[in-house]
Amino acid sequence: MAIDVNDLFYAYSANDAIKEKGEYGGAVTTIMKYLLEEGIVDAVVAVEEAADLYDAKPILITDPEDVIKSAGSLHCGTLNIAKFVSKYLDGARDMKIAVTCKPCDAMTLKELMRKRKVIEENVIMIGVNCGGTMPPVPTMKMIRDVYELDPADVIKEEISKGKLKKTEWVEEKTVKDVP
Ligand SMILES: Cc1cc2nc3c(=O)[nH]c(=O)nc-3n(C[C@H](O)[C@H](O)[C@H](O)COP(=O)(O)OP(=O)(O)OC[C@H]3O[C@@H](n4cnc5c(N)ncnc54)[C@H](O)[C@@H]3O)c2cc1C
């Protein structure tokens, strides 16, 4: 099958664990893992959950088996990935990296590449669709006040055009609930 620039595909991971943990089937995580496994990049820059769902932290991964740690979308991850690359990875001067990018990260990276503060030849950007991030503290307040849920019980949320759409939460079960 011939593939052209701008062709579109539905994709999901052939790795069941990544497919399950990934946001919409784990295609992004699988591409990152492949790039690392094949030695096309030295490291992957992505994001992982830190203290809780509302706390995102950037990570640098060099072991392909660890890439799964970064699967899934952290909608409260208001991180500037471009700054992480330019400031803490010396603009990818000495290593080839693949980076997950929100549109804001991609635009910042392109600008830093133009100024040679990030080395374009050493960076593969993998874009994610993103309608906007949500600030962690107001989001927790909204979940408490509007959804009347404990933010700590929320296991997943979905956003559309920057607005919180739906939450899934842990249903507490006790021994009495077991039939
Ligand atoms: C902040 C945010 C907003 C989003 N908004 C929309 C939307 O409006 N509409 C929509 O259809 N989809 C949205 N998504 C989902 C996103 O587009 C999916 O992750 C994407 O479709 C890829 O699915 P996947 O299963 O292949 O991703 P996965 O394989 O799960 O990979 C997701 C990648 O994104 C990285 N990541 C997670 N959180 C962040 C973050 N805060 N900043 C940068 N990278 C991050 C992960 O580390 C991982 O590399 C959003 C995601 C994020 C992170």
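One-based numbering, in listed order, for ligands and for the atoms of each.
Remark: side-chain polar atoms of Asp105 are not paired, donor with acceptor, to backbone N or O of Asn80 under 3.5 angstrom. In this structure a side-chain-to-backbone donor-acceptor pair under 3.5 Å is missing from Asp90 to Ala92. The closest donor-acceptor contact from the side chain of Lys102 to the backbone of Leu79 lies under 3.5 Å.
Heavy atoms of other residues, nucleotides or ligands lying less than 6.0 angstrom from CD of Glu111 number more than 12. Within 6.0 Å of the NZ atom in Lys21, the count of heavy atoms belonging to other residues, nucleotides or ligands exceeds 12.
Atoms of ligand 1 lying under 4.0 Å from at least one heavy atom of Thr133, given by number and element, are 1 (C). Residue-ligand proximity, Tyr24 to ligand 1, at heavy-atom distances under 4.0 Å covers atoms 11 (O), 12 (N), 15 (C), 18 (C), 21 (O), 23 (O), 24 (P), 25 (O). Shown in contact with Gly22 at under 4.0 Å from a heavy atom are these atoms of ligand 1, numbered in order with element: 25 (O), 30 (O). Listed by atom number, the atoms of ligand 1 under 4.0 Å from Ser70 heavy atoms are 46 (C), 47 (O), 48 (C), 49 (O). Heavy-atom contacts of Leu74 reach the following atoms of ligand 1: 1 (C), 37 (C), 38 (N), 40 (C), 41 (N) (cutoff under 4.0 Å). Taking every heavy atom of Thr100 and a limit of under 4.0 angstrom, the matching atoms of ligand 1 come to 33 (C), 34 (O), 35 (C), 44 (N), 49 (O). Below 4.0 Å from some heavy atom of Gly131 lie the following atoms of ligand 1, by number and element: 5 (N), 6 (C), 7 (C), 8 (O).
Proximity of Phe84 to Val99: side-chain heavy atoms (C-beta onward) are nowhere separated by under 4.5 Å.
Across Asn129, Ile31, Val99, heavy-atom proximity to atom 6 (C) of ligand 1 is greatest for Asn129. For atom 43 (C) of ligand 1, the nearest non-hydrogen atom from the set Met134, His75, Lys102 belongs to Lys102.
The existence of a salt bridge linking Arg144 and Glu148 is excluded, since no basic side-chain nitrogen approaches an acidic carboxylate oxygen closer than 4.0 Å. Looking at Lys69 and Asp66, a side-chain N of the basic residue comes within less than 4.0 Å of a carboxylate O on the acidic one, giving a salt bridge.
Not a single heavy atom of Ala56 sits under 4.0 Å from any atom of ligand 1.
Below 3.5 Å of separation, one finds no N or O of Ala71 facing any N or O of ligand 1. Below 3.5 Å of separation, one finds no N or O of Met32 facing any N or O of ligand 1. Considering backbone and side-chain N/O atoms, Thr78 never comes within less than 3.5 Å of an N/O atom of ligand 1. Residue Ile81 has no N or O atom closer than 3.5 Å to an N or O atom of ligand 1. Close N/O approach between Val28 and ligand 1 is found [any backbone or side-chain N/O within under 3.5 Å]. Residue contacts with ligand 1: Ala27 is placed with a nitrogen or oxygen under 3.5 Å of a nitrogen or oxygen of the ligand (distance criterion only).
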(request) Kindly indicate, with the supporting measurements, whether the criterion salt bridge (charged side-chain N to carboxylate O under 4.0 Å, His left out) is fulfilled by Arg116 and Glu121. (result) CA-CA 10 Å; Arg116 297 301 285 174; Glu121 299 84 328; 3.2 Å; yes

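Nearest heavy atom pair, residue Cys130 against residue Pro103, reads CB-CD, 3.6 Å.
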